[in-house]
Amino acid sequence: MSDSTSGAATGELSVGMVGYAFMGAAHSQAWRTAPSFFDLPLRPRLAAICGRDASAAGAVAERFGWESVETDWRALLTRDDIHVIDICTPGDTHAEIAIAALEAGKHVLCEKPLANTVAEAEHMAAAAATAAARGVRSMVGFTYRRTPAVSYAHQMVASGRLGAIRHVRGQYLQDWLTDENSPMSWRLDKERAGSGALGDIGAHVVDMAQWVTGSSISSVNGLMETFVTTRPVSGEHATLGGTAAASAERAPVTVDDATAFTARFDNGAVGVFEATRCATGRKNALRLEINGSLGSVSFDFEDMNVLEYFDSTQPAVEAGFRRILVTEADHPYVASWWPPGHGLGYEHGFTHQVVDLVTAIAEGVDPVPSFADGLRVQRVLAAVEASAADGTTHPTGATS
Ligand code: SOE
C-alpha cells in the first residue's frame, strides 16, 4: 500500500482538492455523492480545499462541506490526514502539483488534459509509474468515458459487435465563445491552458475515441483557427447597481478557437475530428460515431442517455439505426441510480470517476484512465499542433 496512510485503518479516504471553480464544484459534488449511491470500500472525506483566495475557497468549503481551507497546495502534501490530491486547476500547474504529490506518497486525480506539453506529460507518467510501484495510484479526469452510453459502446466494440472498425468520427462542439465580447479567461491563454478548443475539449473526444475503439491514433493532419483574436479583459458582470459592461481594454487570445483534423488509427481505421467553442447553437455536443464491418454506434452527449446502434446482421428490410435507451440496470453504473427511463446527467460521470478511483485505491490496482493514457492524448494534441503549423501529416508516436 502507499506511503500515505491509505485510510484503510480508518475506513476513510481523505481528499485535498486544489482549485474550486467549475471543476472544483463538479468534483466536490462527486466526492459527497458517491458514497450515498455506491457501496464504497473506503469513505471519501472532504478534508481540505485549497485556493489562493482564502475567502473564495472558504465560500466553496462552506457550500460543499470541505472541513478546512489551505491557500498553498504544498501544505496538503505535508498533512498526514490527507491521502488523495485532487487537481482541479489550469493545465500549467498540473505537472508541478501532481509530481510533488506522487513523490509525497499521495494518490492523485488530475483534471484533463494531463498537461500543457508532451514533456510535462512524460514526466508525470514517469512519476506515476514510479509511485505505482509503491502502491500510490493516479488517474486523469476523462469523465465522459464514465457516461453509461459511452461505457456500453466500449463494451460493444470490445465484444466484436461492430466487427472491424473502419471509421471514427469525433466532434466536440460548444458555442460559449461565439460572441467576440465574451471575456478573457485562463482557457484563452496558451501559457495557462496549453491550447484552446484542442486541449480543453478536443482532449475529451480523442481519449473517448481511443478508449472506445481500443486503438491509438498513429498520425494526424490538422488545422487550427482563432476567429476572435482579442477579448475584453473582464466581462459584463453584476454590480450592486446593475451590471457593468465588458471592459474596453482587450487582451490577445493566444489559443485556437477551432481545430479540425484527420487521423489514422493503429488498427487501420480512419478518423475525422473537430473541436470548437464557436459552433453557434451547440452547447455541449460531444459526439462519437464508429462505423464497423458489422455495425455502427453513434453518441451525442446532448442526448447522453441514448446510444444509437445500427446492426448489419439484421434483415435488410428491418435495417436502421435504433435508439438504445441506456437506463437499464444492466448498463454500466445505472443500477446504483434510478429506474429505467429516468436518466443521468453531466455530474454523474464525475461521481462514477470517484467510485472507480476509490475502488482501485482500496483494491491496490491502478485506475484508468492512467497518466499513461493522458500522455497518449497529449501526443495526439501535440501532433495536431505540429501539423497545423507546417501543413504536413505528423505521427503521434503511439505505441498502442
Ligand atoms: C469547456 O468549456 C469545458 O468546461 C471543459 O473544460 C470540460 O472538461 C467539459 O467537461 C465541459 O466543457
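Order of listing sets the numbers, starting from 1, for every ligand and every atom in it. Note that the numbering runs from 1 along the sequence shown for the chain.
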Measure the shortest side-chain to side-chain distance between Gln155 and Pro332 over non-hydrogen atoms and say whether it is less than 4.5 angstrom.
yes

Of the backbone atoms (N, CA, C, O) and the side-chain heavy atoms from C-beta on, which set of Gln174 has a member under 4.0 Å from an atom of ligand 1: side chain, backbone, both, or neither?
side chain

For side chain to side chain donor-acceptor pair (under 3.5 Å), just list the numbers for His394 and Thr392, CA-CA rounded to whole Å, side-chain angles, deciding distance to a tenth of an Å, and then say yes or no.
CA-CA 6 Å; His394 278 255; Thr392 67; 3.2 Å; yes

Which residue and non-hydrogen atom of the protein lie closest to atom 1 (C) of ligand 1, and at what distance in Å?
Asp200 OD2, 3.0 Å

Phe321-Tyr309 aromatic ring centre distance below 6.0 Å:
no

Under 4.0 Å between heavy atoms, the region of Phe301 that gets near ligand 1 turns out to be neither

What atoms in ligand 1 come closer than 4.0 Å to a heavy atom of Trp176?
2 (O)

Residue, atom and distance of the protein heavy atom nearest atom 4 (O) of ligand 1 read Phe22 CE2, 3.2 Å

Using a 4.0 Å cut-off to any heavy atom of Tyr346, which atoms of ligand 1 qualify?
9 (C), 10 (O), 11 (C)

With sequence neighbours excluded, tell me which residues meet ring-ring contact (aromatic ring centres under 6.0 Å, His included) with His154.
Trp211

Verify whether the ring centers belonging to Phe350 and His27 lie closer than 6.0 Å.
yes

Intermediate values then yes/no, side chain to side chain donor-acceptor pair (under 3.5 Å), Asp179 and Ser182
CA-CA 5 Å; Asp179 180 350; Ser182 295; 4.6 Å; no

Tell me, please: is Glu111 in heavy-atom contact with ligand 1, that is, under 4.0 Å?
no

Numbering as shown, the atoms of ligand 1 that approach Tyr172 to under 4.0 Å (heavy-atom distance):
9 (C), 10 (O), 11 (C), 12 (O)

Purely on distance, is any nitrogen or oxygen of Asn284 under 3.5 Å from one on ligand 1?
no

Atom 8 (O) of ligand 1: which protein heavy atom is closest, and how many Å away?
His204 NE2, 2.8 Å

Side chain, backbone, both or neither: which applies to Arg277 and ligand 1 if a contact is any heavy-atom pair less than 4.0 Å apart?
neither

